[in-house]
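Take a look at the structure below.
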Amino acid sequence: MDGRARAKGRCPGAEVGADARERKVCRREERGYTVRGAMKSPAKLRSALKRALLAWYGRGGNGGRPARAARDLPWRRTSDPYAIWVSETMLQQTRAATVVPYWERFLRELPTVQTLAEAAESQVLALWSGLGYYRRARMLHAAARRVVALHGGGLPRDREALSSLEGVGAYTVGAIASIAFKERVAAVDGNVSRVLARIAAIEDDVTSARGKALVQAEADALAAIDEGDPGDWTQALMELGALVCAPRQPRCGSCPARAWCRAFARGGVDYASTLPRKAPKREKAVVERVAIVLHTGTAVVLARRRALTLYGGLWEVPTAPRSAKRRLAKGLGVNLTALDVAGEVVHILSHRRMHVQVLRGSVSPQCLAKCRPAEDRLADGVEAVGAEYDALDLVPYGDLPTRAHASLTRKVLDVANLHREPLF
DNA sequence: AACGCGGGGCC
DNA sequence: GGCCCAGCGTT
């Protein structure tokens, strides 16, 4: 990019003072486009790498050739940009195998961007329940409403317009543009960045700006020379990362890109698996909380979390910091002494570790008086439950599966053991 | 650039 | 029990 381009130890020629030709050759080697002993032109090598990967991925069925490696994922059977958009949103930080049933149910219930735009947020969240990162659902919902309002219901092809949609970041723009609209755009997700970091043997911390820039440039360059379906190229790279170039134990022995992989050339699978360099792990904070399960024998009291908080908009058994146990009970209209300890739940999140003590008791008339229908926000007395909730409701056991909830609630109700049969 | 945000599969 | 996943928005 400029004369300051710092060089790794293996490329002294890139230091200030080296001539432009040496710098260029060095850059090629850093990017892994050279094969030992064969100084072909980079374009040829990239083209060969591309062909090898696409053949491995297997676009469409083709008799005689080995079976395609691509998984038969349901969103690969549609060309509907809306369906692809939903899949890409669900796939953010979520494994494909996990997404499949959620995506099928979501598309069945809300098959078009119009139906999503008109749906109640509670329905959208219920369809998302269990998938995690619920902000994705709220942003998808909001974005669908704007798409209908601004673009007449069709997802815009324009990348700027796509990028302005809630929840659609750099990766998702690339994914939608290349897969749904067949544009030659890079989509760099965790898989692609890992694959490219290994092919190019990038030893910088992958989270550093330098590393990101290199990886991004790599993706752009590789995508730009593709002659086939841009969506196939995007997905071939990701599929390689998911199935072969795995984070921990890459299967270099069966990798179609092995001949172009600088990391493999440098140190085989043992070295390749050390890339990209991992960031040091942070310690998870432990949070001590309490949950109060109030029930009638056929129904249980749930509270809806305020928007913009953890689990925002979802229903759960009312909880509070352990230190606010008395205040939570009082807010729910029950006496702490009337509750018994049912057990404790440990819930691990990406950034914290929750220890939830589970208390159990019967619904009091005072509590019943505070319960309101689900759509009635800010009911009287709810404030006393704490700043975390904006509604209370008495929910029959049979209605639990249709309520948007976090998996923590399943665990809490399981420990409370209200019912012989599973409640969910 | 670092952090908040979920949940589950796999070692 | 830790790691990581078809990331995004905020600060």
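What you see is a predicted model; the values in this text were computed from it and never measured. What's counted below: heavy atoms across the whole structure, side chains too, no hydrogens, waters or symmetry copies. Order of the sequence lines sets the chain letters (A, B, ...), proteins ahead of strands, with each chain counted from 1.
With C:dC8, C:dA6, B:dG7 as the choices, the nucleotide that has an atom nearest any side-chain atom of A:T172 turns out to be C:dC8. Comparing C:dC5, C:dG9, B:dG6 against the side chain of A:L310 picks out B:dG6 as the nearest. Each of B:dG6, C:dA6, B:dG7 was ranked by its minimum atom distance to the side chain of A:A406; first place goes to B:dG7.
A:H355 and A:R289 share no side-chain donor-acceptor pair at under 3.5 Å. Under 3.5 Å, the side chains of A:Y389 and A:T319 contain a donor-acceptor pair of N or O atoms. A:T309 and A:E388 share no donor-acceptor pair across their side chains, judged by distance under 3.5 Å alone.
Sorted by residue number, the members of residues 235-246 of chain A with any non-hydrogen atom under 4.0 Å from DNA chain C read A:Q235, A:M238, A:E239. Within residues 82-101 of chain A, the residues approached by DNA chain C to less than 4.0 Å at the level of any non-hydrogen atom are A:E88, A:L91, A:Q92, A:Q93, A:R95, in residue-number order.
Taking the six-membered ring where tryptophan is involved, the planes of A:Y311 and A:Y134 are tilted, since the angle between them lies from 30° to 60°.
Between A:E166 and A:R135, none of the side-chain N atoms (NZ, or NE/NH1/NH2) sits under 4.0 Å from a carboxylate O, so this pair counts as no salt bridge.
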field: Stepwise salt bridge (Lys or Arg N to Asp or Glu O under 4.0 Å) test for A:R304 and A:D393
entry: CA-CA 8 Å; A:R304 186 175 58 198; A:D393 196 10; over 6 Å; no

- request: Evaluate the salt bridge (Lys or Arg N to Asp or Glu O under 4.0 Å) criterion for residues A:E121 and A:R138: first the C-alpha distance (whole Å), next the side-chain angles of each, then the deciding distance (0.1 Å), finally the verdict.
  value: CA-CA 7 Å; A:E121 182 178 81; A:R138 292 191 293 274; 5.2 Å; no

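Toward the 5′ end of DNA chain C lies the nearest nucleotide of A:R248, the other residue of the pair A:R248 and A:R136 mapping further downstream. Summary of the strand contacts: A:R353 and A:D189 both lie near DNA chain C, and taking for each the nucleotide with the nearest heavy atom, the more 5' one is attributed to A:R353. Comparing A:Y134 and A:Q249 by the nucleotide of DNA chain B whose heavy atom lies nearest to each, the residue mapping closer to the 5' end is A:Y134.
Comparing B:dG8 with C:dC8, their P atoms are spaced 22 Å from each other, to the whole Å. Taking atom P on both C:dC3 and B:dC3, the two are 16 Å apart, rounded to the nearest angstrom. For the P atoms, the distance from B:dG4 to C:dA6 is 23 Å, rounded to whole Å.
Across all strands shown, A:W75 has heavy atoms under 4.0 Å from base atoms, whether or not it also approaches the sugar-phosphate. A:R76 comes within contact range of at least one nucleobase, with a heavy-atom separation under 4.0 Å. Heavy atoms of A:L131 sit under 4.0 angstrom from at least one base atom.
Judged purely by atom type and a 3.5 angstrom limit, A:R198 uses its side chain to pair as donor or acceptor with the backbone of A:L275. Between the side chain of A:R145 and the backbone N or O of A:A117, at least one donor-acceptor pair lies under 3.5 Å.
One finds a side-chain N or O of A:Y311 lying less than 4.0 angstrom from the OP1 or OP2 phosphate oxygen of B:dG7. Using a 4.0 Å cut-off, no side-chain N or O of A:R135 falls inside it from OP1 or OP2 of B:dG6. For A:S407 and B:dG7, the shortest distance from a side-chain N or O to OP1 or OP2 is below 4.0 Å. Listed pair A:R352 / B:dG6 fails the phosphate criterion, with no side-chain N or O lying under 4.0 Å from OP1 or OP2. Considering only side-chain N and O atoms, A:H351 lies under 4.0 angstrom from the phosphate OP1 or OP2 of B:dC5.
To the nearest 0.5 Å, atoms NZ (A:K50) and CG (A:D232) are separated by 12.0 Å.
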